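These notes are about the structure you will find just below.
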Number of protein chains: 2
Amino acid sequence: MKHDIATYQLFFGSLANPNRLKIVNLLREQGELNVSQICELTTFEQTMVSHNLKRLETCGMVHKRSEGKHRFYSINKESIAPLMKLIDTHMHKYCEHVLSKENKNHCNK
Amino acid sequence: MKHDIATYQLFFGSLANPNRLKIVNLLREQGELNVSQICELTTFEQTMVSHNLKRLETCGMVHKRSEGKHRFYSINKESIAPLMKLIDTHMHKYCEHVLSKENKNHCNK
DNA sequence: ATAACATATGATGTTTTTATCACTTGATGA
DNA sequence: TCATCAAGTGATAAAAACATCATATGTTAT
């Protein structure tokens, strides 16, 4: 397979942003949420959430479902969920030393 | 497990850069290489390569081995190699639409 | 048809990230 | 021990990514 650097960059860049990361982790935990719910739970502005959800959708990280006025977003379970698990494992093994102090201590599991 | 957003950001940010990505893919393909060899093969400047390798090392994506004047770097096979494979699969399924035209065509496999 | 609500889009000033420059450190051999 | 080669470091100007603002679109209810 041919490595398309620009696509890798788009993919990883999508997860290299703290706000998008929070949205992704929120959807991992909460399942399907609409934009307003994401705004409430994160205290982020609506426009920012929309912009970031669009980017996540472009990369196939989340799915979108319309219902009336609402747009419901959910994590791509088939692909992103297991991927994030792999990364969690990697981070535990290799990124301990860069964990911020507060989290280092009460990191149960 | 506790999600440390800053660590995720560091991790993904490391792969969200085209030059680091090229270095990572080079090490995936070529195995162990020293700094000079990476410079030659990529035509990147030495200082840039050193800076970027340091970041990759911080995240546990590459290993470093000293031999005389040289520093040999290699991909973290246990963790990053399988991770990149998962991502390759994801990109093929969900990121086709964002692939640059040139690569779309002669993307065998 | 119009108001109200939910979400999306485009433009832009600001912040963050990056490559490069000048320099340092460390190792080998003369 | 001095010169040379290999690699690393810190500062900074330039480039890229970002949040926000103003506005647009689409949907439901009145």
Side-chain angles (χ1 to χ4, degrees), chain A residues 5-27 30 32-74 97-98 100, chain B residues 5-27 30 32-74 97-98 100:
Chain A
I5 294 298
T7 310
Y8 280 119
Q9 198 188 348
L10 187 78
F11 180 88
F12 289 115
S14 297
L15 295 172
N17 172 283
N19 296 336
R20 281 194 292 271
L21 234 15
K22 275 174 200 153
I23 294 172
V24 164
N25 277 334
L26 189 66
L27 292 173
Q30 306 278 325
E32 203 184 42
L33 295 170
N34 66 39
V35 179
S36 309
Q37 292 174 314
I38 294 172
C39 291
E40 277 174 37
L41 290 165
T42 55
T43 72
F44 292 160
E45 291 221 352
Q46 180 266 314
T47 45
M48 195 210 78
V49 171
S50 280
H51 276 298
N52 284 333
L53 282 170
K54 186 180 185 181
R55 166 110 189 222
L56 291 172
E57 200 198 358
T58 300
C59 298
M61 287 167 188
V62 300
H63 292 130
K64 187 184 191 174
R65 181 177 69 83
S66 291
E67 194 181 310
K69 297 193 262 192
H70 299 274
R71 304 288 176 269
F72 285 90
Y73 287 88
S74 57
H97 56 109
V98 291
S100 60
Chain B
I5 295 295
T7 310
Y8 279 119
Q9 198 187 349
L10 186 77
F11 179 88
F12 290 114
S14 297
L15 294 172
N17 171 284
N19 296 337
R20 279 193 293 271
L21 233 16
K22 276 174 201 155
I23 293 172
V24 165
N25 277 334
L26 189 66
L27 292 173
Q30 306 280 323
E32 203 183 42
L33 294 172
N34 66 39
V35 179
S36 309
Q37 291 174 316
I38 295 172
C39 291
E40 277 175 38
L41 290 165
T42 56
T43 70
F44 293 161
E45 291 221 352
Q46 181 265 316
T47 45
M48 195 208 79
V49 171
S50 279
H51 276 299
N52 285 332
L53 282 170
K54 186 181 186 181
R55 167 110 188 222
L56 291 172
E57 199 197 358
T58 301
C59 297
M61 287 167 188
V62 300
H63 292 130
K64 186 184 191 172
R65 181 176 69 83
S66 290
E67 194 181 310
K69 296 192 262 191
H70 299 273
R71 304 289 175 269
F72 285 90
Y73 288 88
S74 57
H97 56 107
V98 291
S100 61

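Note that the coordinates shown come from a computational prediction; the quantities given were computed from them, not determined experimentally.
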Problem - Presence of Arg55(A) side-chain N/O under 4.0 Å of dC18(D) phosphate oxygens OP1/OP2 - result: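 For dC18(D), OP1 or OP2 has a side-chain N or O of Arg55(A) closer than 4.0 Å.
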
What nucleotide, of [options], holds the atom closest to the side chain of [X]?
| X | options | result |
| --- | --- | --- |
| Lys64(A) | dA8(C), dC18(D), dA6(C) | dA8(C) |
| Ser36(B) | dA8(C), dA7(D), dC21(D) | dA7(D) |
| Asn19(B) | dA19(C), dT7(C), dG10(C) | dA19(C) |
| Thr47(A) | dT20(D), dT7(C), dG26(C) | dT20(D) |
| Lys69(A) | dT7(C), dT28(D), dG8(D) | dT28(D) |
| Ser50(B) | dG8(D), dC5(D), dT27(D) | dG8(D) |
| Asn17(B) | dG8(D), dA19(C), dG10(C) | dA19(C) |

Roughly, in whole Å, what's the span from [atom1] in [X] to [atom2] in [N]?
| X | N | atom1 | atom2 | answer |
| --- | --- | --- | --- | --- |
| Arg71(B) | dC5(D) | CZ | P | 17 Å |
| Phe44(A) | dT7(C) | CZ | P | 16 Å |
| Met48(B) | dT9(D) | CE | P | 16 Å |
| Asn34(B) | dA6(D) | CG | C1' | 8 Å |

Looking at every strand, decide which applies to [X] at a 4.0 Å heavy-atom threshold: base, sugar-phosphate, or nothing.
| X | answer |
| --- | --- |
| Tyr73(B) | sugar-phosphate |
| Gln9(B) | sugar-phosphate |
| Gln46(A) | base |

Practice task
Could you label the plane-to-plane angle of the Tyr8(A) and Phe12(A) rings as parallel, tilted or perpendicular, counting under 30° as parallel and over 60° as perpendicular?
Solution key: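 Ring orientation, 0 to 90° scale: parallel.
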
Exercise for the section: Give a yes or no on whether a donor-acceptor pair under 3.5 Å exists between the nucleobase atoms of dG10(C), that is its base, and the side chain of His51(A). Expected result: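 When only heavy-atom distances are counted, His51(A) does reach the base of dG10(C) through a donor-acceptor pair under 3.5 Å.
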
